[in-house]
Asker: 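Mind looking over this structure? Questions follow.
Lettering of chains follows the sequences in order, A, B, ..., and the numbering in each one begins at 1.
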Amino acid sequence: MTDTAREEILGRINQALGRRGGGEYVSSSSGTVPAGSPTGGEGHSSAAEAPHAQPGAPAAGGGTVDQSADYFRTGTHEGEELIELLVDRLEDYKANVHRVSGDPAATIAGLIESGSAIVVPRGLDDSWLQDFTGEVSVDAPGQELSVPELDAQAAVVTASAVAIAQTGTIVLDGSPECGRRAITLVPDHHVCVVRVADIVDIVPEGVARLRPSAALTFISGPSATSDIELKRVEGVHGPRTLDVVIVDT
Amino acid sequence: MTFLGMPLLPSKRRDSDPIPGGQGNIFEDESFAEVSHQHLSNQQLRNNIGHATSTIRDKRSEVVAELDDWEALREAGSRTKNHVMENLPEYLAEFEANFTDQGGIIHWARDADEANAIVTELVEANAPILDSGRREVIKVKSMATEEIGLNEHLETQGVDAFETDLAELIVQLGDDKPSHILVPAIHRNRNEIRDIFEEKMPDAGELTNDPVDLAEAARRHLRHKFLTTKVAVSGANFGIADTGSLGVVESEGNGRMCLTLPETLITVMGIEKLLPSFDDLEVFLQLLPRSSTGERMNPYTSFWTGVTEGDGPQNVHLVILDNGRTRALADEHGRTALNCIRCSACMNVCPVYERTGGHAYGSTYPGPIGAILSPLMTGVEAEENGSLPYASSLCGACYDVCPVKINIPEILVHLRNEDVEANHSPVSSQLDGALTGASWMMSDAKRMTAAESGIPFAHAVTGGDQINSLPGIAGAWTSSRDIPGLPEKSFRQLWAESEGESHGGSDGEEDGKSEGEGDER
């Protein structure tokens, strides 16, 4: 039935936009098709039909709609100033920040109670856990921890894909060292390693570094709510403690 | 099967056929002027909302001031959304192809009834019947599902839908309606919330009114549901055409729970939520959080593209919803209302919203954006939606803060005109008569002089006192205001006299008056 709905909605849109042919149907039995519909009756359009490539669309060739927009695409902070900005913004949103030169293993071990059980994604650098004494479960394809098992972990340790200094945002992209989404969600404590090389200044620089088709999670501080009298309270459903370890190698 | 509200046959539509309006919770059933009176007299409500909106206004101003390119970002946001609306069929098709290629399944719903039926069918196919004899789903806060009344519909179909956003939970447990699109329980203060939790959460025990404690109670209450429920329902903040990705912007992590842990995910998204490209997020991920919660970035934002193998729900559905959006799109003076990204900044700055609260607007969409969106989606002739465009002083604060530059005051005026054309009788009203009479009188000096000759008499009758009530429609003005007492003479009469006197020298009274005026400057 929804094929009919699809064609009718697209027909209404064409009519609303004053396009010729909008809403006129050439068939009523075998899947109705609005005459002149830009999508045809296939239900799928090819990339060639994408409006980016259409005359009249400002961004012929893809990319953002208007490439002449004068908002900032790159920031002005770099080096130590950039790291300090990230630290400031992370702390403002109540993440705990730790800076390390070289090997982060001792710092990571110090953040998690020794002897407790933790989960890590399969691609995590082994050396980061060499000082930790406890039970480490590796979550990997075919060996995923169940939700109750994840719930029993004291912490999760992951890397990150990008960190945006201006907003204090860390992005996880499902890569082997970030892991699937559930492992950074169910445990109550997330230890997240950020490499200095992955820090960018502003949002556009961060978006440009991401793989769009990945399952992405943008994290800015621990779970929080402002639902009661607009007062920000940290710690609702996501991990209530976020430790960020910034590693300068 | 036949869905309620669906035509039995796909009848042939023509360009000239009117595009049908939406259904569900987008109607004002009593005129705004009348219903707002009840809310204005609720002092607790006004205190709660006044406190909350002023807090969020300040936060927004601070974080917006941090960005030197804010106006350029607004301009880019506005341009992008206008471009999407102009090319909506192409972007929908592109989105559909990409989402489907990644294993997602798309359903189209013309109206609320059709969307509710689709979701119900999906829930029945994927959520088990529990010992209670009912099915359960968990939900992320979604305006689209509020709009179509999904929870109420599911309830009648044997499905319990659990809201997981803290504010939505407060609303649901309090058997209440959302009054704000970002902070649906903005009309409740901490004491009221504590009372609701203590009464409705069987395991809550005794609570304090500290928001930290209340958030902790919500965590405990929902944790088990998150970890065990098989089906989740969400909305979407963005649909990305060139990748087929969906995005949800949230704070608490309840969104991540719903989007990640269940086996089946059903998302309901309006046709207008699309962005052309993933790169456009560089603009919208700056505009939305700063405008809505007044944060540089909200705690969590999730994107997914169809099914991600081995990560999250493996049965992923999207219901693309019209429900009156095409009707709004057809209004060339109003269609930019569809650019709305549901940030709620316009509510927080609106002097009318701040005093009446969100419930006065009847619809899921309150405040300035609701005052245009609801009548655009239904038509001004539906129920009392024609009264909504008057819920404004046209001060323009909403336009100033809108991150996608929707000119709300202009659309309000346009819709007032629509309302007059559609809903007001061609027979002259008292106001029409009065204005026609005034126009006739004022267009001729002799008539004006004749009319003014009555002023000394009127002055004598009223004794020059303040006037507290007038008859007829003028009574609406004097019901909340006084009119200054009438003078002894009109300005034109005084002028005529002083013209005569200026030839014969000045008069003490006149000098005194001009000095008095000089002092005021």
Asker: Heavy-atom distance under 4.5 Å to chain B: side chain of A:P141, backbone, both or neither?
Answerer: neither

Asker: If we ignore hydrogens and angles and just use 3.5 Å, is the side chain of B:D69 paired with the main-chain N or O of A:F72 as donor and acceptor?
Answerer: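 Checked: pair present.
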
Asker: Measure distances from B:T164 to the heavy atoms of chain A and classify the residue's part below 4.5 Å as side chain, backbone, both or neither.
Answerer: backbone

Asker: Please confirm whether the backbone N or O of B:E272 pairs with a side-chain atom of B:K81, one donor and one acceptor, at under 3.5 Å?
Answerer: yes

Asker: Using heavy-atom distances under 4.5 Å, tell me whether A:A208 contacts chain B through its side chain, its backbone, both, or neither.
Answerer: neither

Asker: In terms of heavy-atom pairs under 4.5 Å with chain B, which of A:G142, A:S220, A:P148 leads?
Answerer: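 It is A:S220.
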
Asker: Give, as side chain, backbone, both or neither, the part of A:E234 having an atom under 4.5 angstrom from any heavy atom of chain B.
Answerer: neither

Asker: Between B:E96 (side chain) and B:E94 (backbone), is there a donor-acceptor pair under 3.5 Å?
Answerer: no

Asker: Is a donor on one side and an acceptor on the other found under 3.5 Å between the side chain of A:E177 and the backbone of A:A159?
Answerer: no

Asker: Before accepting this row, confirm whether a basic side-chain N of the pair A:D227/B:K141 lies closer than 4.0 Å to the acidic partner's carboxylate O.
Answerer: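 Result for this pair is no, no salt bridge flagged.
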
Asker: Let me know if A:S146 has heavy atoms under 4.5 Å from chain B in its side chain, its backbone, both or neither.
Answerer: neither

Asker: In terms of heavy-atom proximity below 4.5 Å to chain A, should B:L182 be classed as side chain, backbone, both, or neither?
Answerer: backbone

Asker: At a heavy-atom separation under 4.5 Å, does B:L166 approach chain A through its side chain, its backbone, both, or neither?
Answerer: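 Contact with chain A: backbone and side chain both.
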
Asker: Which answer fits B:S245, side chain, backbone, both or neither, if we ask what part of it has an atom under 4.5 Å from a heavy atom of chain A?
Answerer: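 For B:S245, the side chain is the part near chain A, not the backbone.
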
Asker: Do A:S223 side-chain atoms and B:E252 backbone N/O form a donor-acceptor pair below 3.5 Å?
Answerer: yes

Asker: Tell me, side chain or backbone of B:N48 under 4.5 Å from chain A's heavy atoms, or both, or neither?
Answerer: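 It is neither, since no heavy atom gets under 4.5 Å.
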
Asker: Against chain A, label B:L275 side chain, backbone, both or neither, depending on which of its atoms sit under 4.5 Å from a heavy atom there.
Answerer: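 The answer is neither part of B:L275.
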
Asker: Could you tell me which portion of B:I186 (side chain, backbone, both or neither) has an atom closer than 4.5 angstrom to a non-hydrogen atom of chain A?
Answerer: side chain

Asker: For chain A, which candidate among B:T305, B:L214, B:D311 shows the most heavy-atom pairs at distances under 4.5 Å?
Answerer: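 Sorted descending by pairs with chain A, the first entry is B:D311.
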
Asker: Where on A:P222 is there a heavy atom nearer than 4.5 Å to chain B: the side chain, the backbone, both, or neither?
Answerer: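 Interface part for A:P222: backbone (N, CA, C, O).
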
Asker: Side chain from CB out, backbone as N, CA, C, O: work out which of these in B:I240 comes under 4.5 Å of a heavy atom of chain A, or both, or neither.
Answerer: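 When you check distances to chain A, no heavy atom of B:I240 falls under 4.5 Å.
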
Asker: Looking at B:L67, B:T301, B:L92, which has the largest count of heavy-atom pairs under 4.5 Å with chain A?
Answerer: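 Ranked by heavy-atom pairs under 4.5 Å with chain A, first place is B:T301.
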
Asker: Non-hydrogen atoms of chain A under 4.5 Å away: do they reach the side chain of B:R223, the backbone, both or neither?
Answerer: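 The side chain, not the backbone.
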
Asker: Please answer whether the main-chain N or O of B:M257 pairs with a side-chain N or O of B:T260 as donor and acceptor at a distance below 3.5 Å.
Answerer: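 Looks like no, no N/O pair under 3.5 Å.
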
Asker: Can a salt bridge be assigned to the pair A:E205 and A:R209 using a cut-off of 4.0 Å between side-chain N and carboxylate O?
Answerer: no

Asker: For A:T225, which atoms come within 4.5 Å of any heavy atom of chain B: side chain, backbone, both, or neither?
Answerer: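 For A:T225, heavy atoms of backbone and side chain both lie under 4.5 Å from chain B.
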
Asker: Hey, is the main chain of A:R240 close enough, under 3.5 Å, to the side chain of A:D188 for a donor-acceptor pair?
Answerer: yes

Asker: Between A:E144 and A:R180, does any NZ, NE, NH1 or NH2 come within less than 4.0 Å of an OD or OE carboxylate oxygen?
Answerer: no

Asker: Given a strict heavy-atom distance threshold of 4.5 Å, which part of B:V283 is in contact with chain A: side chain, backbone, both, or neither?
Answerer: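 Contact with chain A: side chain only.
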
Asker: What part of B:E86 lies closer than 4.5 angstrom to a heavy atom of chain A: side chain, backbone, both or neither?
Answerer: backbone

Asker: Go through B:Q286, B:R325, B:M85, B:E216 and name the one with the most non-hydrogen pairs under 4.5 angstrom from chain A.
Answerer: B:Q286

Asker: Counting only heavy atoms closer than 4.5 Å, note whether B:E309 contacts chain A via side chain, backbone, both or neither.
Answerer: neither

Asker: Given heavy-atom pairs under 4.5 angstrom as the criterion, report whether the side chain, backbone, both or neither of B:L329 touches chain A.
Answerer: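 Both parts, backbone and side chain.
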
Asker: When you compare the side chain of A:Y93 with that of A:R232, does any pair of heavy atoms fall below 4.5 Å?
Answerer: yes

Asker: Of the listed residues (A:P239, A:A224, A:G206, A:A214), which shares the most heavy-atom pairs with chain B below a 4.5 Å separation?
Answerer: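 When all of A:P239, A:A224, A:G206, A:A214 are compared, A:A224 has the most.
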
Asker: Going by side chain to side chain contact (heavy atoms under 4.5 Å, CB included), A:H190 matches just one of A:L172, A:D243, A:V244, A:I170. Which one?
Answerer: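 Answer to the side chain to side chain contact (heavy atoms under 4.5 Å, CB included) test with A:H190 among A:L172, A:D243, A:V244, A:I170: A:L172.
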
Asker: Quick one: what part of B:R290 sits under 4.5 Å from any heavy atom of chain A, side chain, backbone, both or neither?
Answerer: side chain

Asker: Given that the side chain runs from C-beta out, which part of A:V171 has a heavy atom under 4.5 Å from chain B: side chain, backbone, both or neither?
Answerer: neither

Asker: Between the side chain of A:Q153 and the main-chain N/O of A:E149, is any donor-acceptor distance below 3.5 Å?
Answerer: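 The answer is yes, because a donor-acceptor pair under 3.5 Å joins these two groups.
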
Asker: With only heavy atoms counted, which part of A:V233 is less than 4.5 Å from chain B, the side chain, the backbone, both or neither?
Answerer: side chain

Asker: About how many Å separate CG of B:L338 and CZ of B:R335, when rounded to the nearest 0.5 Å?
Answerer: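 Separation between the atoms: 9.0 Å.
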
Asker: Just by distance, do the side chain of B:R296 and the backbone of B:E66 share a donor-acceptor pair under 3.5 Å?
Answerer: no

Asker: Whether the side chain of B:S78 engages the backbone of B:R74 through a donor-acceptor N/O pair (distance < 3.5 Å, no angle test) should be reported.
Answerer: no

